[in-house]
Amino acid sequence: MDTLLREVGGREFHKGVKQSTKEQPLITIITSTFNAASDLLWTIDSIRSQTYPNIQWIIADGGSSDGTVDILKKNEDIIDYWFSEPDKGIYDAWNKALKYVKGEWVQFIGAADEYYDNRVLERVSSVLVCAFPQYEMVYGKVQIISEDRLPIEESGTPWKKMKGSWQGIRPMLPVHPEVFHHHSVFTKYGGFNTQYRIAADTDLMYRTMYKNDPLYIDFFIDKMVVGGVSTDPKGLVRSYKELKEINKNNNIRPSLRNEVITFIRVYVKTFLYHYMPLCVFHKIFSYYKKIKKKKM
């Protein structure tokens, strides 16, 4: 990597590294960005408003050209460490950021994500302070919002109900922004497998949650904007193939019924996406989601 392509900065260069205390564990937040300047402003405002002071925020930028770096430089009072350089995708960026983690607990949130309210990390910290070593991962609930920042749906299920349930060929798992990982997870199990472009976070949670049950906390953590590569019809087939490989590598076996239904759904949806007018496609699958939600 040409070092001339790399820029770095952050609060730590001027005021030093924050430290965990017995009463206030240091929580590291990792955000990856690429040409998401306007989206990042939502996250900056949300973190700035948090009442909990012991936060280390790391931003891994993929070499943006839209003014993101200027925004990072202007907000170094709350961005503890940032770097900007080309990467090979979100999981590569997250792995790079893990090298600079100083916190006891680590959370990954996206540019455009917001915390549910300004006391989220204050409430979470009161749980994290005594969660480890019994629990390596702690998770709560997330609110899915539209691009217009309006609530769409809520996600978050106690582990007793989630464990053993399935979403297609994947065991049900928390949504990643609602999860806090103890830093030892990455020493014990490694980082994200970058051979997976869409489902590496699923692979990591398989390797952790199915070896040591996580702790569920019944309140909202994050507001997450709907979308992303894993839900994009263009990436459905790749996501399906990655999940099959991840299942095989982790000795996880969905039922034949789940295999068949998921296979049909993925390839029918992909076919319709490519050969049907987009406006019709979105109307059909919006209706399908409403019907599915009513049945749940």
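FYI, the numbering just counts along the sequence from 1. Quick caveat: nothing in here was measured; it's all calculated off a predicted structure.
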Peer 1: Start with the C-alpha distance between His183 and Trp105, add both sets of side-chain angles, then the distance that settles side chain to side chain contact (heavy atoms under 4.5 Å, CB included), and finish with yes or no.
Peer 2: CA-CA 5 Å; His183 71 87; Trp105 293 88; over 6 Å; no
Peer 1: Kindly indicate whether a cation-pi arrangement holds for Arg119 with Tyr52, taking the cut-offs as under 6.0 Å to the six-membered ring centre and within 45° of the axis.
Peer 2: no
Peer 1: Can you find a heavy atom in the side chain of Phe192 that is under 4.5 Å from one in the side chain of Asp203?
Peer 2: no
Peer 1: Any side-chain heavy atom of Gln50 within less than 4.5 Å of one from Val120?
Peer 2: yes
Peer 1: Answer yes or no: is there a side-chain heavy-atom contact under 4.5 Å between Phe219 and Val124?
Peer 2: yes
Peer 1: Between Lys141 and Asp218, does any NZ, NE, NH1 or NH2 come within less than 4.0 Å of an OD or OE carboxylate oxygen?
Peer 2: yes
Peer 1: Can any side-chain N or O of Thr28 pair as donor or acceptor with the backbone N or O of Val106 at less than 3.5 Å?
Peer 2: no
Peer 1: Evaluate Glu7 against Ser84 for side-chain hydrogen bond (donor to acceptor under 3.5 Å, both in side chains), listing each step before the verdict.
Peer 2: CA-CA 5 Å; Glu7 290 189 73; Ser84 181; 5.4 Å; no
Peer 1: Evaluate whether atom CZ of Arg149 has more than 12 neighbouring non-hydrogen atoms of other residues, nucleotides or ligands under 6.0 angstrom away.
Peer 2: yes
Peer 1: Any side-chain heavy-atom pair from Phe132 and Pro25 closer than 4.5 angstrom?
Peer 2: no
Peer 1: Rounded to the nearest 0.5 Å, how far apart are CD1 of Ile78 and CD1 of Ile44?
Peer 2: 6.0 Å
Peer 1: Could you walk me through whether Thr68 and Asp66 pass the side-chain hydrogen bond (donor to acceptor under 3.5 Å, both in side chains) check?
Peer 2: CA-CA 6 Å; Thr68 293; Asp66 66 342; 2.6 Å; yes
Peer 1: Under a 4.0 Å N-O cut-off, is there an ion pair linking Asp70 with Lys74?
Peer 2: no
Peer 1: State, with a plain yes or no, whether a side-chain heavy atom of Glu153 is found less than 4.5 Å away from one of Gln143.
Peer 2: no
Peer 1: State whether the number of non-hydrogen atoms from other residues, nucleotides or ligands found under 6.0 Å of Gln195 atom CD is greater than 12.
Peer 2: yes
Peer 1: Parallel, tilted or perpendicular: which one describes the rings of His181 and Phe186, with boundaries at 30° and 60°?
Peer 2: tilted
Peer 1: Check whether any side-chain N or O of Thr157 sits under 3.5 Å from a backbone N or O of Lys161 as a donor-acceptor pair, and report yes or no.
Peer 2: no
Peer 1: Ignoring hydrogens and angles, tell me if any N or O in the side chain of Glu136 forms a donor-acceptor pair with the backbone of Lys211 under 3.5 Å.
Peer 2: no
Peer 1: When you check the side-chain N and O atoms of Tyr91 and Asp201, is any donor under 3.5 Å from an acceptor?
Peer 2: yes
Peer 1: If we count only N and O atoms by modelled type, under 3.5 Å, do the side chains of His182 and Glu104 hold a donor and an acceptor together?
Peer 2: no
Peer 1: Is it the case that the side chain of Glu154 and the backbone of Val142 share a donor-acceptor pair, with hydrogens and angles ignored and the cut-off at 3.5 Å?
Peer 2: no
Peer 1: For the side chain of Asp61 and the backbone of Gly63, is there at least one donor-acceptor N/O pair under 3.5 Å apart?
Peer 2: yes
Peer 1: Arg48 and Asn75: side-chain hydrogen bond (donor to acceptor under 3.5 Å, both in side chains), yes or no, with the steps?
Peer 2: CA-CA 9 Å; Arg48 189 179 294 284; Asn75 290 278; 2.8 Å; yes
Peer 1: Does this structure show an ion pair linking Lys241 with Glu245, if we count only N-O contacts that are shorter than 4.0 Å?
Peer 2: no
Peer 1: Between Lys18 (side chain only) and Ile55 (backbone N and O only), is there a donor and an acceptor less than 3.5 Å apart?
Peer 2: yes
Peer 1: Test Ile30 against Gln107 for side chain to side chain contact (heavy atoms under 4.5 Å, CB included), laying out the working first.
Peer 2: CA-CA 6 Å; Ile30 292 177; Gln107 180 194 21; over 6 Å; no
Peer 1: Where the side chain of Asn54 meets the backbone of Gln19, is there a donor-acceptor pair that is under 3.5 Å apart?
Peer 2: yes
Peer 1: Testing Thr31, Asp80, Thr43 for side chain to side chain donor-acceptor pair (under 3.5 Å) with Trp57, which one passes?
Peer 2: Thr31
Peer 1: Does Arg11 count as lying over the ring of Tyr81, i.e. NZ or CZ under 6.0 Å from the six-ring centre, within 45 degrees of the axis?
Peer 2: no
Peer 1: Determine the interplanar angle of the Tyr210 and Trp159 rings, folded into 0 to 90°, and report it as parallel if under 30°, tilted if 30 to 60°, perpendicular if over 60°.
Peer 2: perpendicular
Peer 1: Less than 4.0 angstrom from a charged side-chain N to a carboxylate O is my criterion; do Lys223 and Glu114 meet it?
Peer 2: no
Peer 1: Does the Asp222 side chain pair with the main chain of Asp113, one donor and one acceptor, at a distance under 3.5 Å?
Peer 2: no
Peer 1: When hydrophobic residues are tied together by side-chain contacts of less than 4.5 Å, even through go-betweens, does Ile58 share a cluster with Phe13?
Peer 2: yes
Peer 1: Determine whether a donor-acceptor pair (N or O, by modelled atom type, separation under 3.5 Å) exists between the side chain of Ser46 and the backbone of Tyr115.
Peer 2: yes
Peer 1: Looking at side-chain heavy atoms only, is the closest gap between Ile221 and Phe180 below 4.5 Å?
Peer 2: yes
